[in-house]
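Written out below as structure tokens is the structure these notes cover.
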Amino acid sequence: MSTKPGLPQGTRDFSAATVLKRNFIFNTIRNVFELYGFQPLETPAMENLETLMGKYGEEGDKLIFRILNNGLDNAAKHPQLREDFEKVLEGKNVKGITERALRYDLTIPFARYVAMNHGQLTFPFKRYQIQPVWRADRPQKGRYREFYQCDADVVGSYSLLNEVELTNIYATVFQQLGIDVEIRINSRKILAALAEQCGGAEHMTNITIAIDKLDKIGIDKVKEELSQRGLSNEQIAIIEQYLGINGTNAEKLRQLKQLLGNNTTAQKGWEEIEFILNYTSSLQEASSIVVDFTLARGLNYYTGIIFEIKAKNVQMGSIGGGGRYDDLTGLFGVPNIPGVGISFGVDRIYDVMEELKLFPAEVQSGTKVLFFNLGTAECQTAFSLMQQLRSKGIRCEIYHEQTKFDKQFKYADKKQIPYAVIIGSKELEEKVCNIKNLVSGEQQQVSFHELMNYQFI
RNA sequence: GAGAGCGUAGCUCAGUUGGUUAGAGCGACAGUUUGUGGCACUGUAGGUCGUGGGUUCGAGACCCAUCGUUCUCCCCA
């Protein structure tokens with residue numbers, strides 16, 4: 001009995017061309033992370049469900065992939081399991097049914113790691129992590145159920161130099177990849193101040209959710225939504241003024257100070273932003289940093305500066321994001337460890353680079369030389385020459401079947417192999433070989449010794 | 001969680017108001033002098049039209065269900 005092959009929804013196979021291109025992105029990011037002193041960490045694909053639950057908001061919890069426990073067919077456990085399953089139907093999580101889940105992001109597993117190991121770690125602790133994550137989302141453009149994140153986080157440091165360096169990392173990576181981006185920054189403190197100004201901190205979530213949608217639904221709809229969420233007309237008026245802030249970064253800051261000038265929380269917020277702008281102002285990347293007071297970000301553990309990356313010239317959701325969270329490990333009983341981090345969404349970066357044709361051709365380079373197989377004795381000589389070339393680090397293949405020229409040429413063509421080495425009976429006798437450049441069609445005859453020193457480009 | 005589109009050959013797709021035996025291009029394979037490819041020509045293989053029901057004398061086409069997939073909203077990378 002055979003089953004029709006297929007993939008789970010939202011997952012993909014990656015063939016050679018894709019993997020090579022994606023590795024180019026990974027390597028670029030990894031090199032920059034390491035350049036800034038970050039060290040690698042890997043955590044398991046699955047975590048205990050309770051480690052993840054409640055960390056991503058109500059919506060996020062629904063998107064966590066849960067793993068069904070093994071051994072549910074054990075008849076002795078059935079009475080208890082039936083009881084447990086009733087609770088699952090009510091939307092509760094029960095250890096007896098599902099105890100583990102696939103990781104949803106890299107930040108919470110990292111916080112879990114820090115909470116478990118804080119006694120051994122040297123602070124500030126800088127780690128980077130490149131691994132897939134899983135979300136039970138409905139797939140669509142730029143959205144997958146399995147995708148890679150590349151995170152860099154620093155914990156144990158309040159210094160804004162971290163934010164400055166993370167901004168630099170963003171700028172450097174995207175410059176190297178050739179993607180034109182906006183690095184949007186804001187501070188949660190400014191959003192908190194706005195909430196204070198509008199009747200209290202308890203409105204913060206409502207306000208951020210609504211204004212985050214500004215560029216999508218427009219000011220009128222945002223006002224409508226705020227009204228529905230219980231804000232008064234006066235409060236909405238302040239928010240409208242806030243959302244009307246525009247111009248250059250300096251102009252935006254000036255307008256913000258006018259609006260929230262006497263609020264000490266807001267002041268801390270804009271001082272953070274000004275610190276980053278001052279530190280990066282001498283750098284070339286500075287031009288891509290955009291202060292955006294409407295930036296909110298969904299995850300509610302952020303407390304300070306927040307980042308979001310938007311690629312220019314292409315229709316795609318954010319390709320990176322992050323921010324400061326001053327008490328993430330507090331969720332795991334280890335308080336007072338501040339942190340700040342950023343994340344790259346590799347799969348979306350890939351899609352952007354593909355759409356804008358930004359992958360360099362060298363990324364694809366595979367086999368350089370194909371040795372033709374033109375007979376038993378010919379093949380033996382060719383094989384030995386090939387091994388010598390391989391030992392010099394040149395990527396070679398020999399055609400394993402003895403077959404017509406036509407087929408061997410076509411194989412080279414398909415695999416985009418630029419050189420063929422042809423050794424037939426005549427060449428074997430004279431101890432020479434033909435090197436054919438398959439792109440230009442030029443061919444030259446050289447001795448075996450010369451072949452070893454030939455410059456294959 | 002809400003909504004829309006699409007499932008026909010390995011791939012991209014045609015297929016008329018329902019009407020004989022299911023179509024093309026590309027790809028694969030074989031051949032056109034068994035030592036120099038990409039071109040051209042000839043030929044071959046490959047499809048229970050996603051699946052299951054229904055309407056009809058007759059369904060790839062119409063209706064219902066189901067599965068898969070793509071996209072939009074929500075939310076996110």
Side-chain angles (χ1 to χ4, degrees), chain A residues 3-12 25 29 56-64 91 103-107 130-151 170 181 208-210 212-213 216-217 221 225 295-300 307-311 315-323 341-352 370 372-375 378 399 402-429 433-445:
Chain A
T3 38
K4 256 191 246 167
L7 284 172
Q9 194 179 33
T11 65
R12 301 152 294 164
I25 301 174
I29 294 172
Y56 308 107
E58 219 173 292
E59 289 297 317
D61 283 355
K62 287 184 200 159
L63 301 180
I64 294 171
R103 66 164 166 258
Y104 179 88
D105 72 352
L106 302 178
T107 307
I130 300 179
Q131 289 190 280
V133 303
W134 294 269
R135 296 184 187 178
D137 220 333
R138 202 65 68 84
Q140 54 185 275
K141 187 179 181 188
R143 171 172 307 184
Y144 309 101
R145 287 186 150 182
E146 177 184 60
F147 60 97
Y148 269 89
Q149 289 195 327
C150 301
D151 279 28
Y170 266 142
V181 295
T208 54
I209 288 173
D212 201 31
K213 298 178 187 169
K216 261 189 182 166
I217 63 178
K221 293 265 182 187
E225 183 155 344
L295 177 63
R297 295 201 49 80
L299 297 173
N300 46 25
F307 304 98
E308 195 159 288
I309 308 299
K310 178 81 185 66
Q315 181 68 39
M316 180 64 76
S318 69
I319 56 175
I342 57 172
S343 180
F344 290 82
V346 173
D347 299 76
R348 284 188 180 175
I349 292 171
Y350 181 96
D351 289 345
V352 168
L370 178 71
F372 273 34
N373 182 343
L374 298 173
E378 290 88 337
Y399 202 88
Q402 252 179 57
T403 163
K404 313 194 295 187
F405 272 71
D406 171 64
K407 284 208 84 157
Q408 308 200 29
F409 272 121
K410 275 190 175 165
Y411 179 79
D413 216 30
K414 283 262 169 59
K415 287 193 74 174
Q416 300 190 342
I417 300 171
Y419 292 95
V421 171
I422 303 170
I423 301 168
S425 51
K426 288 178 208 159
E427 288 83 3
L428 193 60
E429 221 168 281
C433 57
N434 289 317
I435 301 175
K436 180 156 184 166
N437 181 324
L438 295 173
V439 181
S440 65
E442 288 165 17
Q443 182 171 318
Q444 54 177 305
Q445 199 164 72

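The base of B/rG37 has none of its N or O atoms less than 3.5 Å from a complementary donor or acceptor on the side chain of A/Asp406. For A/Glu427 against B/rG35, a side-chain N or O and a base N or O form a donor-acceptor pair under 3.5 Å.
Distances shorter than 4.0 Å separate some side-chain N or O of A/Lys414 from OP1 or OP2 on B/rA28. Contact annotation: A/Lys404 does not reach the phosphate of B/rU36 (side-chain N/O to OP1 or OP2, under 4.0 Å).
In this structure, the nucleotide among B/rC75, B/rG35, B/rG37 sitting nearest to the side chain of A/Glu59 is B/rC75. The A/Asp137 side chain lies nearest to B/rC75 when the options are B/rC75, B/rG37, B/rU36. Among the nucleotides B/rG37, B/rG35, B/rU36, the one closest to any side-chain atom of A/Gln443 is B/rU36.
Atom P of B/rG46 sits at a distance of 15 Å from the matching atom of B/rA24, rounded to the whole Å. Nucleotides B/rC49 and B/rG23, compared at atom P, are 14 Å apart to the nearest Å. B/rG5 sits 22 Å from B/rA9 when the P atoms are compared, rounded to a whole Å. For the C1' atom pair drawn from B/rA28 and B/rG1, the interatomic distance equals 45 Å after rounding to whole Å. Here, B/rC41 and B/rA4 have their P atoms 47 Å apart, quoted to the whole Å. Nucleotides B/rA22 and B/rG50 place their P atoms 15 Å apart, quoted to the nearest Å. Between the C1' atoms of B/rG18 and B/rG60, the separation comes to 10 Å (whole Å). Distance noted for atom P between B/rC29 and B/rA65: 45 Å (whole Å).
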Do A/Phe372 and A/Phe409 pass the ring pair (Phe, Tyr, Trp, His ring centres under 6.0 Å) test, and can you show the C-alpha distance, the side-chain angles, and the key distance before you say yes or no? CA-CA 9 Å; A/Phe372 273 34; A/Phe409 272 121; 4.9 Å; yes

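Taking a centre distance below 5.5 Å and an interplanar angle below 30 degrees as the stacking criterion, A/Phe147 stacks against the six-membered base ring of B/rA77.
Atom CG of A/Asn373 is separated from atom CZ of A/Phe405 by 10.5 Å, given to the nearest 0.5 angstrom.
In this structure, A/Ile349 places its CD1 atom 9 Å from C1' of B/rA77, rounding to the nearest Å. Rounded to a whole Å, the CG atom of A/Asp105 is 8 Å from the P atom of B/rA77.
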B/S/- contact track for nucleotides 68-73 of chain B, protein heavy atom under 4.0 Å: -S-SBB

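Partners of A/Glu59 by side-chain contact (heavy atoms from CB on, under 4.5 Å), not counting sequence neighbours, listed by chain and number: A/Lys62. Residues satisfying the side-chain contact (heavy atoms from CB on, under 4.5 Å) test with A/Asp351, not counting sequence neighbours, are A/Tyr144, A/Met316. With sequence neighbours excluded, no residue forms a side-chain hydrogen bond (donor to acceptor under 3.5 Å, both in side chains) with A/Gln149.
Positionally, the nearest nucleotide of RNA chain B for A/Asn434 lies more toward the 5' end than for the other of A/Gly320 and A/Asn434.
Residue A/Val133 is tested with A/Thr107, A/Asp151, A/Leu106 for a side-chain contact (heavy atoms from CB on, under 4.5 Å); the sole match is A/Leu106.
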Output field dot_bracket for RNA chain B (Watson-Crick or G-U, both distances under 3.5 Å, | for other-strand pairs) contains (((((((..((((.....[...)))).(((((.......))))).....(((((..]....))))))))))))....

Donor-acceptor pairs are to be reported for all side-chain atoms of residues 413-420 of chain A against protein atoms at under 3.5 Å, with residues two or more places apart or in another chain.
from	atom 1	to	atom 2	distance (Å)
A/Lys415	NZ	A/Glu397	OE2	2.9
A/Lys415	NZ	A/Tyr411	OH	3.4
A/Tyr419	OH	A/Ile457	N	3.4

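Annotation: cation-pi geometry satisfied between A/Arg135 and A/Tyr104 (NZ/CZ under 6.0 angstrom from ring centroid, within 45° of ring axis).
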